[in-house]
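I have placed the structure first, in the form of structure tokens, so that the comments after it can refer back to it.
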Amino acid sequence: MSLHQTTFAPYKTQGPEFAIENRIWDADETLPRAELEALQVERLRDCVGRAAAVPFYQEKFRENNITLSSVRSLDDLKRLPFTTKQDLRDHYPLGFLAVTRDKIARVHGSSGTTGKPTFVAYTHDDLALWSNLCARFLYAGGLRSNHLVHIAFGYGLFTGGFGLHYGVERVGAAIVPAASGNTERQIMLLKDLGADALVCTPSYALYIAEVAASEGIDPRDLPLRYAHFGGEPWTEDMRRQIEEDMNILAFNNYGLSEIIGPGVSGECAARRGMHFQEDHFIVECLNPDTLESAGEGEAGELVITAMTKQAMPIIRYRTRDIASIDRSPCPCGRTSARMSRVLGRTDDMLIVRGVNLYPSQIEEALLRVEGAAPHYQIEVDRKGNLDEITVRVEMRARDFSDKMREMAHLRDRIDREVQHITGLRMHIELVAPQTLERFVGKAKRVIDHRPKATL
Ligand code: DLL
């Protein structure tokens, strides 16, 4: 029996019908390491060639004397420039295009620190690649062509909905494109249509289970068997809870829009980390302060090069995500390195109900409202199974009033601006002047009570 036919029993006490047959979607997932690395060098060179069409890279290459002949091995990656979210912002909206605009097939985006998103573009080939990469991890996690998949990710600029949608289609399975919101309706669809697999953020799955229970429906009785969760951090404890609450097997997948969206890495049936799709993305794990390689198995910032994307090749993108990389062989037979859960971020980005949120967005909203002082505090909690945000805004003494109507009006205006800029509903609390803590050094504006993953 070859490794690829191994059957993995889930680690929890579900029946044998949950055991996952380990099948590989495409042969490139099992390329011997030497071949994989040779392919990476070839693709990295192609990528540098294509990136030279982007003014940002052109300039960086010139400054650092980088030509195609300087890229001969993977070691040469170290000489290439980093790319940050700020670089993408500085070239808003599509200054990183390496193709002419008529070659673009789609644009997605993710929230930025201000009201404007960061846009990413795809050619038709990029979209085909993306579907295949999503198909790989979905298939690794038990999805088969006879399944029905309920997708409860937003369909829009966010890459979650469309990315997973076409990945599921590529596997050949059927889809209920439920999109996000209206949880009662989601439960009705899950129950009546009988989806086998659920695709959404892990916190939304917990919430679905909770709402179902409150409606007198035992979520364990739903026909669901598998779930593919991603888009936000979660923990092993959360996995256990969701699996128990819903009687399913849950898999983790990771991605970010700047690189491609979901499909950057995902778990196989062994569930010992997320296989990085290294034939398309090179991953480095660096100490975020020194930018030296983190030691084997040590946590560091993931820096990713998207070698094969045509519309927007991206070199050494600093993800700000902290994780570790495991290069030991995996029993599933895939030869790629695996990343741990995301353990944290090097910046202050929060992910709330699957939406990326920067405290500076809230600051921007407050600046638009006369009377809201610059002192604010954001508290994030998981109430029941739903992320909730409270924003406490300190009033300026001269605007502080005992007239209920005036205060309510001010609160509503803040509420509207915050929702307009972030796309999220939050509780807005106005507090009296001089009540919020003041800071000498870096302000600590965010208090996040949600559980965090550890290595
Ligand atoms: O969240 C892409 C995605 C959608 C991945 C659906 C998986 C499923 P962005 O909106 O650009 O893209 O947010 C990317 O989300 O840098 C991480 O901080 C976080 N993130 C994504 N997946 C995971 C995960 C999508 N499995 C940012 N665990 C990334 C922890 C995750 N964090």
Side-chain angles (χ1 to χ4, degrees), residues 84-85 88-89 107-113 117-120 122 130 133-134 136-138 141 149 151-168 179-180 198-205 227-236 238-239 242 250-267 271 273-277 281 283 288 299 301-304 306 312 314 317-324 338-358 387 422-424 448 450-455:
T84 63
K85 186 140 184 148
L88 296 177
R89 266 185 224 129
V107 175
H108 280 283
S110 76
S111 49
T113 49
T118 307
F119 291 122
V120 285
Y122 303 73
W130 190 17
L133 295 178
C134 288
R136 281 183 181 177
F137 76 75
L138 290 163
V149 185
I151 301 183
F153 269 133
Y155 282 69
L157 276 184
F158 176 55
T159 51
F162 282 104
L164 269 305
H165 182 98
Y166 288 107
V168 172
S180 52
L198 174 64
V199 166
C200 60
T201 56
S203 60
Y204 193 52
H228 291 275
F229 297 137
E232 66 178 12
W234 55 313
T235 61
E236 267 322 297
M238 247 173 106
R239 163 139 64 195
I242 302 174
F251 295 85
N252 193 7
N253 70 87
Y254 164 89
L256 58 162
S257 19
E258 293 83 354
I259 297 303
I260 201 159
V264 175
S265 67
E267 281 179 329
R271 305 202 297 182
M274 293 182 273
H275 283 278
F276 219 89
Q277 312 238 35
F281 310 115
V283 60
E301 180 181 342
L302 300 185
V303 173
I304 307 176
M312 273 179 69
I314 199 145
Y317 185 68
R318 294 197 56 183
T319 64
R320 306 272 171 199
D321 288 321
I322 300 287
S324 67
R338 284 156 291 152
M339 66 178 265
S340 68
R341 287 184 178 281
V342 173
L343 308 168
R345 302 251 327 155
T346 62
D347 64 6
D348 53 5
M349 185 181 91
L350 293 160
I351 304 184
V352 179
R353 288 174 238 142
V355 177
N356 300 354
L357 171 73
Y358 291 91
D387 291 340
T422 65
L424 284 165
D448 193 342
R450 296 172 300 175
K452 301 230 168 15
T454 46
L455 265 187

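Both ligands and their constituent atoms are indexed starting at 1 by order of listing.
No N or O atom of M349 sits closer than 3.5 Å to an N or O atom of ligand 1. Residue-to-ligand polar distances keep W234 apart from ligand 1: every N/O pair is separated by 3.5 Å or more.
Closest to atom 13 (O) of ligand 1 among all protein heavy atoms lies N356 ND2, 3.1 Å. Summary of contacts: the protein heavy atom closest to atom 24 (C) of ligand 1 is E232 O, 3.5 Å.
Aromatic ring pairs are classed by plane angle as parallel below 30°, tilted from 30° to 60° and perpendicular above 60°; the pair F276 and Y254 is tilted.
Listed by atom number, the atoms of ligand 1 under 4.0 Å from N253 heavy atoms are 7 (C), 8 (C), 22 (N), 24 (C), 26 (N). Those atoms of ligand 1 that come under 4.0 Å of a heavy atom in R345, given as number and element, are 16 (O), 18 (O). For ligand 1, the atoms closer than 4.0 angstrom to any heavy atom of I351 are 15 (O), 18 (O), 19 (C). Near S110, with a cut-off below 4.0 Å to any heavy atom, the atoms of ligand 1 are 11 (O). Heavy-atom proximity to G160, at under 4.0 Å, picks out these atoms of ligand 1: 4 (C), 6 (C).
Two rings, from F137 and F251, have their centers 6.0 Å or more apart.
For T346, the side chain to side chain donor-acceptor pair (under 3.5 Å) partners are R320, not counting sequence neighbours. Evaluation of the side chain to side chain donor-acceptor pair (under 3.5 Å) rule for R450 yields D387, D448 as partners, not counting sequence neighbours.
Relative to atom 18 (O) of ligand 1, the option among T319, D321, L164 with the closest non-hydrogen atom is D321.
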